[in-house]
Asker: 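Provided herewith is a single structure, encoded as structure tokens, for subsequent inquiry.
In this chain, numbering begins with 1 at the start of the sequence shown.
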Amino acid sequence: MTLLAFGWFRSRNFTIVTLACGVVVLAGALAADATLRLPFLRRSLPLPVLVVLLPALVVTTPLYSRFGNLETSLTRARLDRALAAVVACSLAIVAGLPASAAAGARFPWSLLLALMAVAVLAVMIVGPLAWLPTLVLGLITVYVDFVYREPIRSTLDAVGIPTLAVAVAASVVGFVVHGPRAT
């Protein structure tokens, strides 16, 4: 049974995701309460925002279609997708815990959940290029929040973490039912 689980884990590229989340855990534990001073600017960029981008990006990796159009005909495809989505989202959330503990209320949970929902939806819509809209939206959010005193984060905070958690759950359910876009 262990070999079967390890084989599934490797086939979904969870080794890469686990390593990336491990780096985020270390960075979050060591420097999440710090801010990055940028030269020639009067503002500093909080590192928790940067720590959020990597887990949101790597959520897409295990969700891609492994077998193309053949995947829809597999008997346990929905169970496989559900397990992959739950494990990937759980790893992203666990990766944010040390940074959240170090940064306290400054940690952008709302941004992480919103980017995770976008990432899962992007896998269904654009397939293997799902990392691109997630990265673009994440970088736009970092830039806009940095320059204009956090309008996106304050809006996401106003929406609330429970609502964003429901959005992530809804995107996971949509992914389980619809599946990834095959290449």
Asker: Begin from the C-alpha positions of V58 and C21 and carry the test side chain to side chain contact (heavy atoms under 4.5 Å, CB included) through to its verdict.
Answerer: CA-CA 8 Å; V58 298; C21 288; 4.1 Å; yes

Asker: Can you name the residues that form a ring-ring contact (aromatic ring centres under 6.0 Å, His included) with W109, not counting sequence neighbours?
Answerer: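 W109 satisfies ring-ring contact (aromatic ring centres under 6.0 Å, His included) with F107 only.
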
Asker: Is any side-chain heavy atom of R81 closer than 4.5 Å to one of P180?
Answerer: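 SC-SC contact between P180 and R81 confirmed.
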
Asker: Return the orientation label for the F14 and W8 ring planes: parallel under 30°, perpendicular over 60°, tilted otherwise.
Answerer: tilted

Asker: Checking side chain to side chain contact (heavy atoms under 4.5 Å, CB included) for the pair V168/V120: CA distance, chi angles, key distance, verdict?
Answerer: CA-CA 8 Å; V168 171; V120 174; 5.7 Å; no

Asker: May I ask whether V86 and V177 are part of the same hydrophobic cluster, defined by side-chain heavy atoms of I, L, V, M, F, W, Y residues being less than 4.5 angstrom apart, directly or through others?
Answerer: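 Different clusters.
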
Asker: Do you know which two heavy atoms are closest between V144 and P151, and how far apart they sit?
Answerer: CG1-CG, 3.7 Å

Asker: Please find the pair of heavy atoms, one from P55 and one from V52, that lie closest to each other, and give the distance.
Answerer: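 For P55 and V52, the tightest heavy-atom pair comes out as CD-O, 3.3 Å.
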
Asker: Assigning hydrophobic clusters by single linkage (Ile, Leu, Val, Met, Phe, Trp, Tyr; side-chain heavy-atom cutoff under 4.5 Å), is L83 placed with I16?
Answerer: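 No, it is not one cluster - the side chains of L83 and I16 are not joined through contacts under 4.5 Å.
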
Asker: Looking at every heavy atom in both V25 and A95, which two are closest together, and how far apart are they?
Answerer: CG2-CA, 3.7 Å

Asker: Measure the spacing between CG of L137 and CG of L132 and express it to the nearest 0.5 Å.
Answerer: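 Nearest 0.5 Å value for the CG-CG distance: 9.5 Å.
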
Asker: Nearest 0.5 angstrom please: L53 CG to L139 CG, how far?
Answerer: 6.0 Å

Asker: Identify whether L129 and L115 are in the same connected component of the hydrophobic contact network (ILVMFWY, side-chain heavy atoms under 4.5 Å).
Answerer: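 Same cluster.
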
Asker: Taking all atoms of both residues into account, what is the closest heavy-atom pair of T60 and A130, and its distance?
Answerer: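 So the minimum-distance heavy-atom pair works out to CG2-CB, 3.9 Å.
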
Asker: Suppose we screen for side chain to side chain contact (heavy atoms under 4.5 Å, CB included). Which residues come up paired with L19, at least two apart in sequence or across chains?
Answerer: none

Asker: To the nearest 0.5 Å, how far apart are CG in L113 and OG in S171?
Answerer: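 Rounded to the nearest 0.5 Å, the CG-OG separation comes out at 10.0 Å.
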
Asker: Might you point out which heavy atoms bring A119 and T134 nearest each other, and give the distance in Å?
Answerer: CA-OG1, 3.4 Å

Asker: Report whether L79 and V172 are members of the same hydrophobic cluster (ILVMFWY, side-chain heavy atoms less than 4.5 Å apart, transitive linking).
Answerer: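 No: no chain of side-chain contacts under 4.5 Å links L79 to V172.
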
Asker: Can you find a heavy atom in the side chain of T141 that is under 4.5 Å from one in the side chain of L111?
Answerer: yes

Asker: At what distance, to the nearest 0.5 angstrom, does CG of L121 lie from CE of M116?
Answerer: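 That separation rounds to 11.5 Å.
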
Asker: Does N13 reach the main-chain N or O of T61 with its side chain, forming a donor-acceptor pair under 3.5 Å?
Answerer: no

Asker: Do you know which two heavy atoms are closest between R12 and A84, and how far apart they sit?
Answerer: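 Closest pair (atom of R12, atom of A84, distance): NE-CB, 3.7 Å.
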
Asker: Out of curiosity, R78 CZ to D80 CG, how far, rounded to the nearest 0.5 Å?
Answerer: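 If I round to the nearest 0.5 Å, the distance is 13.0 Å.
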
Asker: For residues 156-163, please give each side-chain donor-acceptor pair under 3.5 Å, one per line with the distance, not counting sequence neighbours.
Answerer:
from, atom 1, to, atom 2, distance (Å)
D157, OD1, S110, OG, 2.6
T163, OG1, V159, O, 3.2

Asker: Is there a path of hydrophobic side-chain contacts, each under 4.5 Å between heavy atoms, that joins L97 and L57?
Answerer: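 Yes, because L97 and L57 connect within a single hydrophobic cluster, where side-chain heavy atoms sit under 4.5 Å apart.
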
